[in-house]
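Accompanying notes for the structure given below.
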Amino acid sequence: MSVRFNGKHLAKFVKDSEFAAIYPQVEAAHALLEGRNGPGNDFLGWVDLPVNYDKEEFARIKQAAAKIISDTDVLLVIGIGGSYLGARAAIEAMAGSLYNCTCKNTPQILFVGNSISSAYLNQVLSICEGKRVSLNVISKSGTTTEPAVAFRVLKEYLEKTVGKEEAKSRIYATTDRARGTLKEQADKEGWQTFVVPDDVGGRFSVLTAVGLLPIACAGLDIDKLMEGAAAAREAFSTCTPDNDCYKYAAARNILYRKGKKVELMACYEPDFAMMNEWYKQLYGESEGKDQKGLMPTSVIFSTDLHSMGQFVQDGARIMFETVVDIKKPHTELFIEKDPANLDGLNFLADQNMSVVNRKAMEGTILAHTDGGVPNIVLEVDSLGEFDLGYLIYFFERACAISGYMLGVNPFDQPGVESYKKNMFALLGKPGYEAQKAELEAKLR
Ligand code: PA5
């Protein structure tokens with residue numbers, strides 16, 4: 001197994017008998033998922049996606065990626081939330097958070113349309129100057145404001161710089177199979193399109209064209225990524241007390257009921273920072289409803305031990321920590337001996353930095369558990385394609401089981417609409433006239 005649940009540092013907080021007591025609820029959640037008769041059951045396409053995906057489209061994704069790699073210096077990936085986080089998280093985890101500074105035979109990949117910042121978009125435009133640019137616009141609904149605004153600006157920029165005909169072959173739209181403004185535009189303009197399947201929600205869509213096209217453009221092996229996800233599906237689809245994915249879901253719910261309302265996802269590899277963001281959306285949007293849910297938060301250690309360490313060690317005891325322990329870093333680096341030893345670091349001479357990092361992790365786990373913070377450890381072999389695909393599926397499946405155990409529909413996101421309605425009203429979008437006056441009065 002590429003991902004394993006290690007409960008050693010949880011044992012003093014959660015007894016085996018508590019796992020046994022909650023197990024019938026794990027079985028019930030599993031039955032809802034496998035029986036496809038639980039809330040949100042029309043959004044379960046992700047469950048079998050690692051084996052049951054559109055192979056023809058998969059081949060087209062690889063062809064499009066090869067073209068983009070051959071004719072593009074900067075790929076702008078336009079999307080937000082589930083149409084953005086997975087691709088970025090996977091690229092940074094597998095190719096490094098400094099990918100854009102190190103990429104050689106593949107394009108720089110910049111993510112746009114995930115904010116409404118003119119400053120950010122202007123910086124992106126200036127980076128594009130004189131470069132060969134392609135766009136991958138991703139929106140399931142095709143109507144989300146942030147990517148739609150960015151796409152309007154960038155499409156115009158591209159058409160102005162290379163002409164409308166050439167722009168056509170440089171725009172790739174990932175959207176609904178048949179509906180929506182983006183699909184209509186793409187059909188009218190003749191852009192190549194890829195599909196966000198109807199039964200896969202945004203936050204579960206990284207293993208569809210939403211994630212796969214940008215990931216392939218970074219030169220990463222999407223076959224291996226899918227193989228890893230398929231292996232995790234195989235490993236975790238049977239309900240037993242030894243299912244590590246289900247143990248993680250169970251542990252989260254046990255801790256939640258003991259008052260640990262915050263989960264702190266911690267990893268000692270900076271390349272995991274965007275995976276933390278992906279996890280926050282996956283779990284936050286899936287579980288945070290009906291006034292329930294663990295609040296997903298995250299840190300990169302040892303970096304954040306110098307900012308958040310005090311709180312975790314000694315602040316309000318509201319949290320547990322889930323440590324993602326990457327067993328093998330992408331590369332190794334040894335610390336050399338310095339004859340002068342002015343910095344006093346010769347006790348680390350000839351030592352592998354990953355060993356130093358591991359000792360930091362072990363020391364921190366012991367300190368935090370001594371400080372009353374339960375620690376779950378998820379052991380992950382590496383951040384290579386196979387293992388990352390495996391981890392993605394592990395988190396998705398655990399999220400579904402955990403959400404069902406919590407008694408919520410893990411596949412909807414009704415709360416996300418509230419801000420949009422207010423924003424549209426304040427911007428004067430037709431149809432929102434009544435709310436506009438009401439909201440403006442509240443702001444005065
Ligand atoms: O998970 C979700 O459903 C959301 O985060 C969406 O992905 C996000 O709002 C973007 O939506 P769309 O792809 O329709 O532009």
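When a ligand or atom number is given, it counts from 1 through the structure's own listing order.
Ring-centre distance between F394 and F236: below the 6.0 Å cut-off. For F58 and Y53, the ring centers sit closer than 6.0 Å to each other.
A cation-pi contact, defined as under 6.0 Å to the ring centre and within 45° of the axis, is absent between R88 and Y84.
Near Q281, meaning under 4.0 Å from any of its heavy atoms, are these atoms of ligand 1: 1 (O), 2 (C), 4 (C), 5 (O). Less than 4.0 angstrom separates some heavy atom of I80 from each of these atoms of ligand 1: 7 (O), 8 (C), 10 (C). Below 4.0 Å from some heavy atom of G202 lie the following atoms of ligand 1, by number and element: 1 (O), 2 (C), 3 (O), 7 (O). The ligand atoms of ligand 1 that sit less than 4.0 angstrom from a heavy atom of G81 are 5 (O).
Each of M94, M226, E385 was checked for a side chain to side chain contact (heavy atoms under 4.5 Å, CB included) with D221, and the lone residue meeting it is E385.
Scanning the protein heavy atoms around atom 2 (C) of ligand 1, the nearest turns out to be E285 OE1, 3.3 Å. Nearest non-hydrogen protein atom to atom 7 (O) of ligand 1 is G82 N, 3.0 Å. Ranking protein heavy atoms by distance to atom 12 (P) of ligand 1, first place goes to T144 OG1, 3.3 Å.
Counting non-hydrogen atoms of neighbouring residues, nucleotides and ligands closer than 6.0 angstrom, the NZ atom of K224 reaches no more than 12 such neighbours. Other residues, nucleotides and ligands place more than 12 heavy atoms under 6.0 Å from the CG atom of N37.
With atom 14 (O) of ligand 1 as the reference point, the heavy atom nearest to it among G113, G142, S141, G79 is part of S141.
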